[in-house]
Structure formats: C-alpha cells, structure tokens
Student: 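Supplied in structure tokens, the structure appears directly below.
The sequence lines fix the lettering, A, B, ..., with proteins before strands; numbering per chain opens at 1.
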Amino acid sequence: MPELPEVETYRRFIDELAVGQTIAAVQVNDAHVLATPEDQLRAGLVGRTITGTSRLGKNCFLELDNGPVLVLHFGMTGDIGAYRDEPDAPRFTRVALHLEDSGLRLAFIDPRKFGRIRLAASAAAHQAAKKIGPDALQITAAELQQKLSRRKTLLKPLLLDQGITAGLGNWIVDEVLFQARIHPERLGSSLIEKEFKALHAAIQLVLATAISHEANYRHFPKSFLIHAREWDDSAAPGSDAHTFCPRHPKVKIEKYYVGGRATYICPRCQPAPAGT
DNA sequence: ACCCATGTTCTTTG
DNA sequence: TCAAAGAACATGGG
C-alpha cells in the first residue's frame with residue numbers, strides 16, 4: 001500500500017499521536033529494518049522530543065528537537081500503528097517508539113521487511129543522498145515536461161522513478177495513465193505539450209482523490225481503473241463488470257507487464273504507440 | 001504447492 | 001552511457 005497517499009495518511013496519524021511527545025525508549029524487535037545501527041538510532045532518539053512531521057514522496061520524516069530527522073520508508077508492506085501494552089502490539093511490529101507522555105507505543109509494522117528506518121541530518125540531506133526528485137504533489141507541469149521530454153524510455157518506468165518525481169507507485173501510475181488516456185509504453189520524448197498537461201492534471205487528481213479517501217481504494221470513484229485491478233481475482237465467478245473499462249462497458253481491461261511490473265490499461269482509452 | 005505482490009537497488013545484456 | 005530486463009531482498013496470502 002505505501003505509495004504517496006498511504007504515506008501521507010500515516011504522516012497525519014503520527015502527527016496527531018506523536019508531535020510534542022518525548023521518546024522514552026526505542027524497542028527493536030527486528031534489526032533488519034534498521035538502516036542506521038541500533039545503538040546510533042537509540043542514542044539519537046531517546047530523550048528527544050518529536051517537534052513535527054513532513055513527507056517527501058514515500059518518505060515520512062519525524063523532526064526532532066535537536067536537529068536531525070527520523071526517516072521512515074515503508075517498502076512494499078509497511079504500516080504504522082499504535083498500542084499501549086505489549087500483548088496488543090500489532091502483528092509484524094518491527095520497531096516501536098515508546099512515547100513518554102502518553103505512554104503509547106508507535107509501531108513500525110512491516111511483514112515483508114522491505115521498509116527502512118534511519119536517522120538523517122535533515123529531510124533535505126536525505127533527499128540529496130537518495131537523489132529523490134520533487135514530490136509528485138509539488139512538481140509543476142513544466143517541470144514534469146522538462147524532466148520527461150528528453151527521455152527515450154517507456155513512460156511507466158519513468159513515472160515510477162523517484163528521482164524524476166517522488167511518490168508514484170505501481171497502482172497509481174496505472175491510474176494516472178488511464179485518467180490521462182496515455183499508454184504506458186509511450187516514450188517520454190513522444191508526448192506532446194497537451195499530453196504533459198493531461199499527465200500532470202491526472203497526477204494531481206489521482207493523488208488528491210486517494211488522500212481524501214485516506215488511500216482506501218474501495219471508496220474511490222467508479223471512474224477509476226483501480227477497481228479493475230483490485231477486484232480482478234477476488235470477484236465471484238460470473239460478476240465481472242469491474243473488469244471492464246469505466247468509460248467503455250464493453251471493453252475489457254488488459255493486464256500485462258511493463259518493466260517487470262503488472263500493468264493494467266484500457267486498450268480503447270490508451271492506444272498503443274505505433275510499432276508495438 | 002505454486003504464484004503473485006504496493007518498492008528499491010543492483011546486475012546483466014543489448 | 002543509456003535503455004531494458006531480470007534478479008534479489010523476505011515473507012504473507014490467495
């Protein structure tokens with residue numbers, strides 16, 4: 001789940017729960033998710049007060065009263081939670097921050113352990129170190145066009161590249177390209193100005209919609225492609241209406257692979273580029 | 001038992 | 001140097 005809208009939802013949760021709180025202890029259940037050595041992490045966190053939160057793409061930052069930030073990246077299966085007593089700890093809690101004032105524990109949950117927790121000097125320093133581009137909610141249409149228009153690479157991998165713009169993941173890129181009516185295998189350099197505008201508008205639309213529903217895609221509008229994907233294999237036999245294009249009730253959504261990632265398109269809305 | 005999976009990063013191949 | 005595919009990571013769930 002953790003693409004930009006999920007991470008923004010987590011950030012808001014953390015902001016309400018943890019800002020103003022002092023970290024009493026750092027509980028490490030599985031050091032695998034630590035990108036900063038455990039002793040350094042503990043030294044940097046215990047006794048510090050969380051002063052605020054921010055987000056860049058899929059990264060969430062907890063700002064600390066002495067300057068550095070705690071960076072959370074949720075990988076493919078990361079989540080955030082809170083609990084009071086250890087028996088109530090969510091399954092797969094890998095790290096927990098004990099909050100001094102409320103007595104709550106903030107849980108970093110991650111079954112598959114692709115997520116990472118680290119300390120960085122600042123959000124900007126982390127952005128530079130990881131070569132992360134502008135946040136997908138902040139990037140302008142002109143900036144996006146400038147970054148894509150000289151690239152002879154398939155559009156879908158370009159949009160997934162966090163160095164171009166940060167926060168778009170596999171499901172969202174498919175949704176964005178569907179809303180913009182652009183095929184994922186178009187080359188960046190093949191788009192015309194109008195298409196860049198449509199692409200930028202679609203990014204804004206999809207992210208704003210997802211955030212407003214706290215990333216609960218089951219509540220997304222019927223005009224969204226995601227229903228074809230999510231319910232693809234969970235639908236009862238015989239009820240396959242959701243596998244058709246929201247705009248073309250007789251056109252089946254197609255699934256195939258682009259850049260190794262499962263990709264869903266409407267072949268009518270998103271015509272393939274010539275030569276494929 | 002087998003196959004798939006939301007992300008990132010490295011390796012290989014062309 | 002670039003583009004694209006594949007693999008690796010670690011594990012749960014269908």
Student: Hey, does the side chain of A/Lys113 come within less than 4.0 Å of C/dT11's phosphate (OP1/OP2), counting only N and O?
Tutor: yes
Student: So does A/Glu193 have more than 12 non-hydrogen atoms from other groups sitting under 6.0 Å from CD?
Tutor: no
Student: With a cut-off of less than 4.0 Å, is there a side-chain N or O of A/Lys130 near OP1 or OP2 of B/dT9?
Tutor: yes
Student: Side-chain N or O of A/Arg116 versus OP1/OP2 of B/dT8: is the shortest distance under 4.0 Å?
Tutor: no
Student: For the residue pair A/Leu99 and A/Ile50, establish whether any side-chain heavy-atom pair is separated by less than 4.5 Å.
Tutor: yes
Student: State the dot-bracket string of DNA chain C. Criteria: Watson-Crick or G-U wobble, both atom distances under 3.5 angstrom; notation: ( ) intrastrand, [ ] crossing earlier pairs, | interstrand, . unpaired.
Tutor: .||||||||.||||
Student: Check every atom of B/dG7, C/dG12, B/dC4 against the side chain of A/Phe114 and return the nucleotide holding the closest atom.
Tutor: B/dG7
Student: Between atom CG in A/Asp110 and atom P in C/dG13, what is the gap in whole Å?
Tutor: 13 Å
Student: Please work out which of the three classes, parallel, tilted or perpendicular, describes the rings of A/His183 and A/Tyr256, given edges at 30° and 60°.
Tutor: tilted
Student: How long is the line joining CG of A/Leu159 and P of B/dT8, in whole Å?
Tutor: 14 Å
Student: Scan A/Phe92 against the nucleic acid and name what it touches under 4.0 Å (heavy atoms): base, sugar-phosphate only, or nothing.
Tutor: sugar-phosphate
Student: What's A/Gly259 touching, base or sugar-phosphate or nothing? Going by heavy atoms closer than 4.0 Å.
Tutor: sugar-phosphate
Student: Can a side chain N or O of A/Thr153 be found less than 4.0 Å away from OP1 or OP2 on C/dA4?
Tutor: yes
Student: To the nearest angstrom, how far is A/Ile172 atom CD1 from B/dG7 atom P?
Tutor: 8 Å
Student: Is the shortest side-chain N/O distance from A/Lys58 to OP1 or OP2 of B/dG7 below 4.0 Å?
Tutor: yes
Student: Within this structure, what is the CE-to-C1' distance between A/Met76 and B/dC4, rounded to whole angstrom?
Tutor: 9 Å
Student: OP1 or OP2 of B/dT8 less than 4.0 angstrom from a side-chain nitrogen or oxygen of A/His73, does that happen here?
Tutor: yes
Student: Can you figure out which of C/dA3, B/dG7, B/dT8 approaches the side chain of A/Gln162 most closely?
Tutor: B/dT8
Student: Just the rounded figure in Å: distance from P of C/dT11 to CG of A/Asp30.
Tutor: 7 Å
Student: CH2 of A/Trp171 versus P of B/dG7: gap in Å, rounded?
Tutor: 9 Å
Student: As a test of understanding, state which of A/Cys266, A/Cys269, A/Pro246 forms a side chain to side chain contact (heavy atoms under 4.5 Å, CB included) with A/Val251.
Tutor: A/Cys266
Student: Both A/Arg94 and A/Arg150 contact DNA chain C. Taking the nearest nucleotide for each, which residue is further toward the 5' end?
Tutor: A/Arg150
Student: Taking the side chain of A/Leu154 as its heavy atoms from C-beta onward, which of C/dA4, B/dA5, C/dG12 lies nearest to it?
Tutor: C/dA4
Student: For B/dA5, does OP1 or OP2 lie under 4.0 Å from any side-chain N or O of A/Lys255?
Tutor: yes
Student: How long is the line joining CG of A/Asp79 and P of C/dG12, in whole Å?
Tutor: 16 Å
Student: With a 4.5 Å cut-off on side-chain heavy-atom distances among I, L, V, M, F, W and Y, is there a chain of contacts connecting A/Val206 to A/Phe220?
Tutor: yes
Student: Looking at A/Arg261, I'd like to know whether one of its side-chain N or O atoms comes within less than 4.0 Å of OP1 or OP2 on B/dG7.
Tutor: yes
Student: Nearest of C/dA3, B/dC4, C/dG12 to any side-chain atom of A/Arg151?
Tutor: C/dA3
Student: Name the one of A/Ile139, A/Leu158, A/Thr165, A/Asp161 that satisfies side chain to side chain contact (heavy atoms under 4.5 Å, CB included) with A/Lys147?
Tutor: A/Ile139
Student: Going by side chain to side chain contact (heavy atoms under 4.5 Å, CB included), A/Ile265 matches just one of A/Pro271, A/Cys245, A/Pro184. Which one?
Tutor: A/Pro184
Student: Ion pair present between A/Arg12 and A/Glu8, side-chain N to carboxylate O less than 4.0 angstrom?
Tutor: yes
Student: From C/dG12, B/dT8, B/dA5, pick the nucleotide closest to the side chain of A/Tyr257?
Tutor: B/dA5
Student: Give one of base, sugar-phosphate or nothing for A/Gly260, where a contact means two heavy atoms less than 4.0 Å apart.
Tutor: nothing
